[in-house]
Enquirer: 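Mind having a look at this structure? Questions to follow.
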Amino acid sequence: ATRYAAVGASYKVGDLSLVAVYDRVFEKASLDDAKYYKVGAQYKVDSVTFYAGYQHAENAAIAKSGVSGESDSECKNS
């Protein structure tokens with residue numbers, strides 16, 4: 001059976017907010033579990049708010065783009 005777990009943390013100081021999240025999909029009898037690392041930030045300056053985010057994935061299946069000739073092996077991120 002496939003299982004899923006995640007943990008996250010957030011921190012706020014003044015007008016700056018930060019967040020970090022780690023997700024993992026545990027596949028039965030697999031050493032290639034999908035892992036996701038995410039970070040984000042928000043910063044307010046007067047009436048303007050800036051946002052930033054980043055995600056890194058390991059061993060995550062990627063949906064096919066529909067490009068002709070693309071094989072299943074090209075749709076795996078490692």
Side-chain angles (χ1 to χ4, degrees):
T2 300
R3 299 170 315 214
Y4 171 81
V7 63
S10 62
Y11 180 74
K12 182 173 171 96
V13 57
D15 293 330
L16 177 65
S17 298
L18 303 171
V19 63
V21 179
Y22 170 77
D23 299 78
R24 186 165 180 180
V25 178
F26 298 91
E27 298 290 343
K28 183 177 181 181
S30 173
L31 297 175
D32 293 328
D33 295 338
K35 300 172 191 133
Y36 305 90
Y37 307 89
K38 300 171 207 118
V39 292
Q42 173 187 355
Y43 187 70
K44 291 183 180 183
V45 179
D46 298 326
S47 62
V48 178
T49 303
F50 297 94
Y51 298 93
Y54 176 77
Q55 175 176 306
H56 174 75
E58 293 179 9
N59 299 320
I62 298 173
K64 287 187 178 182
S65 68
V67 175
S68 178
E70 187 176 58
S71 69
D72 285 339
S73 64
E74 293 172 301
C75 293
K76 183 83 171 169
N77 182 12
S78 53

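Side chains are part of it too, since the values below use all heavy atoms of this structure and drop only hydrogens, waters and symmetry mates. Every value quoted in this text rests on a predicted model; they were computed, and no experiment measured them. The first residue of the sequence shown is numbered 1, and numbering continues consecutively from there.
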Enquirer: Under 3.5 Å, sequence neighbours excluded: what are the donor-acceptor pairs made by side chains of residues 14-24?
Expert:
unit_1, atom_1, unit_2, atom_2, d
D23, OD1, K38, NZ, 2.3
D23, OD2, Y4, OH, 2.1
R24, NH2, D33, OD2, 3.1

Enquirer: Please tabulate, one pair per line, all N/O donor-acceptor pairs under 3.5 Å involving side-chain atoms of residues 40-49, not counting sequence neighbours.
Expert:
none

Enquirer: A34 and A60: which non-hydrogen atoms are nearest, and at how many Å?
Expert: CB-CA, 4.3 Å
